[in-house]
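Here is the structure we will look at.
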Amino acid sequence: MDQLSFYSAEARHPRVADLAGLLCGPGQAVGFGRGTAARLSAVVDDDWRARSLVRACGERGVAAELGRSEEGHPLVRTAFRSDLTGLAGQWLRGAVKSVPADFAPDGAALRLWALTAGRPVPGGYLLGLDPHAPETYEPLAAALAKAGLPARCMGPRAGGPALRVTGRRRIERLAELVGPTPDGAIERTWPLVS
């Protein structure tokens with residue numbers, strides 16, 4: 001009998017709320033029209049990440065487009081939509097990104113975070129953070145700890161800003177939560193059970 005992973009149980013019912021994983025990393029939410037619509041966007045390092053995020057958005061009924069940032073990096077952006085206002089409202093305090101007090105990353109949100117800004121490092125796995133929102137680092141570390149993934153905040157010299165998950169059991173738990181390597185991904189970029 002196959003054991004059901006956390007990822008596969010959550011993947012059956014993708015939700016707009018899963019897109020919080022983009023906001024854990026460098027993704028941005030922008031409101032429009034006094035809270036009547038919102039847009040999500042994320043600049044990522046690789047084209048495969050952008051394509052995977054567009055697919056993930058589509059699985060949640062949210063169309064997203066591929067583009068390029070001013071620096072030439074892949075960019076994923078949704079249109080302004082009313083069904084994104086709740087998520088944006090939870091993650092914004094005014095125009096400043098803020099982690100919701102009750103945020104608990106599940107497998108689907110963690111998968112999108114890893115798609116947006118995750119990468120392995122010797123002895124661990126980094127989940128990238130938003131360099132423009134340092135006030136989110138500690139709340140995200142606390143949320144990861146609640147999910148059974150204690151992580152240490154790493155600065156730019158150590159490949160950050162990022163939260164570093166270390167230890168075989170924790171990496172195995174992360175790998176189980178985020179699920180299989182996405183199509184087109186370079187295998188060494190994804191958390192794998194050794």
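Note on Val43 and Val54: separate hydrophobic clusters, where clusters join Ile, Leu, Val, Met, Phe, Trp and Tyr whose side-chain heavy atoms are under 4.5 Å apart, directly or indirectly. The hydrophobic clustering, which links ILVMFWY residues whose side-chain heavy atoms are closer than 4.5 Å, places Val62 and Leu66 together. If you chain together hydrophobic residues whose side chains sit under 4.5 Å apart, Leu84 and Leu112 fall into the same group. At a threshold of 4.5 Å between side-chain heavy atoms, the hydrophobic network of Ile, Leu, Val, Met, Phe, Trp and Tyr places Leu163 and Ile171 in one connected group. Grouping the Ile, Leu, Val, Met, Phe, Trp and Tyr side chains by contacts below 4.5 angstrom, directly or via other members, places Leu40 apart from Val30.
Considering only heavy atoms from C-beta on, Leu19 stays 4.5 Å or farther from Leu23 through its side chain. Taking the side chain as every heavy atom from C-beta outward, Leu53 and Trp48 never approach each other to under 4.5 Å. Side-chain contact between Leu140 and Trp113 is present, with heavy atoms from C-beta onward closer than 4.5 Å.
The closest donor-acceptor contact from the side chain of Tyr125 to the backbone of Thr189 lies under 3.5 Å. At distances below 3.5 Å, not a single donor-acceptor pair connects side-chain atoms of Arg55 with backbone N or O atoms of Ala50. Trp190 places a side-chain N or O within 3.5 Å of a backbone atom of Gly179 that can act as its donor or acceptor partner. A donor-acceptor pair is defined here as one N or O able to donate and one able to accept, closer than 3.5 Å; no such pair exists between the side chain of Arg60 and the backbone of Pro14. With hydrogens and angles ignored, the 3.5 Å screen pairs no side-chain donor or acceptor of Lys97 with any backbone N or O of Cys24.
Among residues two or more places apart in sequence or in another chain, the salt bridge (charged side-chain N to carboxylate O under 4.0 Å, His left out) test is passed with Arg51 by none.
The heavy-atom pair separating Gly27 from Ala42 by the smallest distance is CA-CB, 3.9 Å. Closest non-hydrogen pair, Pro105 versus Ala147, comes out as O-CB, 3.8 Å. In terms of heavy atoms, Ala117 sits closest to Pro26 at CB-CD, 3.7 Å. Contact record, Pro131 with Tyr137: CA-OH, 3.4 Å, taken as the closest heavy-atom pair. Among all heavy-atom pairs drawn from Arg170 and Leu149, the shortest one is O-CD2, 3.3 Å. Contact record, Thr85 with Thr36: CG2-C, 3.4 Å, taken as the closest heavy-atom pair.
Crowding of Arg68 atom CZ: a count of heavy atoms from other residues, nucleotides or ligands under 6.0 Å exceeding 12. Counting non-hydrogen atoms of neighbouring residues, nucleotides and ligands closer than 6.0 angstrom, the CD atom of Glu71 exceeds 12 such neighbours. Within 6.0 Å of CZ in Phe32 there are 12 or fewer heavy atoms belonging to other residues, nucleotides or ligands.
Remark: aromatic rings of Phe103 and Trp91 are close, center separation under 6.0 Å.
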Checklist entry - Between Ser41 and Arg77, does a side chain to side chain donor-acceptor pair (under 3.5 Å) hold up when you go through it step by step? => result CA-CA 4 Å; Ser41 63; Arg77 180 175 39 214; over 6 Å; no
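Separation of atoms CG (Leu127) and CZ (Arg119) is listed at 10.0 Å; rounding is to 0.5 Å. Taking CD of Glu65 as the reference point, atom OG1 of Thr78 lies at 8.5 Å (rounded to 0.5 Å). Glu59 CD to Arg15 CZ: the interatomic distance, rounded to the nearest 0.5 Å, is 13.5 Å. Considering CG of Leu110 and CD of Glu176, their distance stands at 11.5 Å, rounded to 0.5 Å. Here His73 contributes atom NE2 and Arg49 contributes atom CZ; the two are 13.0 Å apart, rounded to the nearest 0.5 Å. For the atom pair OG1 (Thr166) and CG (Leu126), the distance works out to 10.5 Å, reported to the nearest 0.5 Å.
Checking Gln28 against Asp130 by side-chain atom types alone, a donor-acceptor pair falls below 3.5 Å.
A salt bridge does not link Arg111 to Asp106: none of the charged side-chain nitrogens sits closer than 4.0 Å to a carboxylate oxygen. The existence of a salt bridge linking Glu172 and Arg168 is confirmed by a sub-4.0 Å separation between a basic side-chain nitrogen and an acidic carboxylate oxygen.
Evaluation of the side-chain hydrogen bond (donor to acceptor under 3.5 Å, both in side chains) test over residues 144-156, restricted to residues two or more places apart or in two chains, returns none.
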May I have the list of side-chain donor-acceptor pairs in residues 153-160 shorter than 3.5 Å, sequence neighbours left out?
none

